[in-house]
Asker: 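Submitted below is the structure of interest, expressed as structure tokens.
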Amino acid sequence: MRYFRNILILSFSVIFSQQFGGASDPTAFEGIDLKNPYGVEFPFDTKISYKNNRNIPFESIFNNNDIPKLFVLGYYDCEAMCSAIREILFSQLQLNNDIRLGIDYEIVMLSIDHEEDILLAQKQEEIYFNRYFSNDYDESAKDYITFAVSTKSEIEEFANRIGFEYRYNENYEKQKNDGRQKYDHPSFVYIVSDKGLITSGTTSGHFGKEIKEKLVNAKNNSPSMDFDQLYSLTCLKGNIENKNPQQAFDLVQLASTWFVLNVSFGFGYNYLSRKNREEA
């Protein structure tokens, strides 16, 4: 059942990838980029609200347990790439037996939408924990999934300091049928040490076992790669500058399809192996 559920989730991500920004609009990605934050210090002084905490510095969830953070910027009510990336990330973490939530990593997300409130963030925490971790972890593991919100000025300053560009679409309500969302933004997962150093990052198609080494480097507070190496694997810099979002979508769709095929193979192999054992 777990494999079948993930096949459905990852299949939906293929559909979502076609909707992000609107492939027919050559200006869709203008002004949206991911600057190279290799070795950049995390903005600890940014004020956020999460769980039962209100308007306190980001630092409050760092420097306390030596566990690397998988950090996501997006928004909770996104119906396109943001949600697809989040689903793929959580499903791949669930399937990865080499790393454990609360031991090898924590998950932290900050909404770029200042209109989203802490109740929505708490609800999303509950949904994602129950969907992906409740069968393998007790309730205390919820402490290692933190979905936060903040004010407009705090979010803007935070994003600027780590080089994350996003754009609010004023006419998104009228353009929903064309696939436009409230915000256009890169879909990316930062890997941050508990000391607050951005050491690496990953994106759709790269949430598999290679993440373990990245987490080890983060635990050692050691930057492990230059983010420029990832641009060709994302719907980001190259395709934005060339104003060719269709190529970006094709790339994301390819990555999502790769996931579906791999998970489908695993499901089929396990099913046939079990059937053969039962017949033997």
Side-chain angles (χ1 to χ4, degrees), residues 5 9 12-13 16 19-20 42-65 67 69-91 93-94 101-102 105-162 164 166-173 175-176 180-190 192:
R5 183 187 66 192
I9 291 171
F12 282 131
S13 72
F16 289 150
Q19 297 178 345
F20 179 59
F42 207 74
F44 275 167
D45 55 343
T46 299
K47 297 291 189 4
I48 59 172
S49 296
Y50 64 95
K51 299 186 186 297
N52 296 319
N53 304 289
R54 301 292 190 276
N55 198 35
I56 62 174
F58 229 134
E59 187 176 16
S60 62
I61 56 178
F62 284 82
N63 288 310
N64 55 25
N65 58 18
I67 300 176
K69 324 300 181 193
L70 297 174
F71 176 68
V72 182
L73 269 173
Y75 63 108
Y76 305 120
D77 201 27
C78 175
E79 298 175 353
M81 275 302 297
C82 184
S83 292
I85 290 293
R86 199 158 62 239
E87 296 287 356
I88 295 171
L89 172 65
F90 273 75
S91 64
L93 291 173
Q94 178 201 41
L101 176 68
Y105 66 92
E106 292 185 58
I107 303 170
V108 180
M109 179 170 176
L110 174 63
S111 174
I112 58 176
D113 185 355
H114 62 280
E115 294 181 336
E116 293 188 328
D117 60 27
I118 194 169
L119 294 179
L120 175 60
Q122 290 171 337
K123 182 178 180 180
Q124 289 287 301
E125 281 183 3
E126 189 79 17
I127 289 172
Y128 276 87
F129 177 81
N130 290 336
R131 183 178 295 166
Y132 292 104
F133 294 110
S134 60
N135 291 334
D136 301 316
Y137 296 84
D138 59 36
E139 289 288 307
S140 64
K142 287 182 180 179
D143 293 341
Y144 301 105
I145 299 177
T146 301
F147 285 178
V149 295
S150 191
T151 64
K152 186 174 186 294
S153 60
E154 292 283 338
I155 295 167
E156 289 176 347
E157 182 179 356
F158 177 92
N160 182 62
R161 286 166 65 180
I162 68 170
F164 184 93
Y166 63 96
R167 180 181 59 225
Y168 172 68
N169 294 317
E170 294 182 356
N171 297 320
Y172 78 96
E173 289 283 2
Q175 298 174 335
K176 275 188 174 181
R180 296 306 296 271
Q181 298 295 309
K182 189 173 183 180
Y183 289 91
D184 287 336
H185 61 89
S187 295
F188 198 75
V189 178
Y190 295 86
V192 188

Asker: Hey, does the Lys NZ or Arg CZ of Lys69 hover above the aromatic six-ring of Phe62, less than 6.0 Å from the centre and inside 45° of the axis?
Answerer: yes
Asker: If I take atom CG from residue Leu101 and atom CZ from residue Phe129, how far apart are they, to the nearest 0.5 angstrom?
Answerer: 7.5 Å
Asker: Taking side chain to side chain contact (heavy atoms under 4.5 Å, CB included) as the definition, give me every residue that meets it alongside Asp143, ordered by chain and number, with sequence neighbours left out.
Answerer: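 With sequence neighbours excluded, Asp143 shows a side chain to side chain contact (heavy atoms under 4.5 Å, CB included) to no residue whatsoever.
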Asker: Hey, are Lys152 and Asp113 close enough for a salt bridge, meaning a charged N less than 4.0 Å from a carboxylate O?
Answerer: no
Asker: Applying the ring-ring contact (aromatic ring centres under 6.0 Å, His included) test to Phe158, which of Phe164, Phe44, Phe71 qualifies?
Answerer: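 That would be Phe71.
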Asker: If we ignore angles and hydrogens, is there a donor and acceptor under 3.5 Å between the side chains of Glu87 and Tyr132?
Answerer: yes
Asker: Take Asn55 and Ile48, measure what side-chain contact (heavy atoms from CB on, under 4.5 Å) needs, and give me the verdict at the end.
Answerer: CA-CA 5 Å; Asn55 198 35; Ile48 59 172; over 6 Å; no
Asker: Please name the residue in the list Glu125, Glu106, Glu126 that meets the salt bridge (Lys or Arg N to Asp or Glu O under 4.0 Å) test with Lys142.
Answerer: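 By the salt bridge (Lys or Arg N to Asp or Glu O under 4.0 Å) criterion, Lys142 pairs with just one of Glu125, Glu106, Glu126: Glu126.
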Asker: Give the minimum heavy-atom separation between His185 and Gly74, together with the two atoms involved.
Answerer: CE1-CA, 3.9 Å
Asker: Got a salt bridge between Glu173 and Lys182, using NZ or NE/NH1/NH2 to carboxylate O under 4.0 Å?
Answerer: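 No.
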Asker: Students often mix this up, so state it plainly: with edges at 30° and 60°, are the rings of Phe90 and Phe147 parallel, tilted or perpendicular?
Answerer: perpendicular
Asker: Within a 6.0 Å radius of atom OH on Tyr144, are there more than 12 heavy atoms belonging to other residues, nucleotides or ligands?
Answerer: no
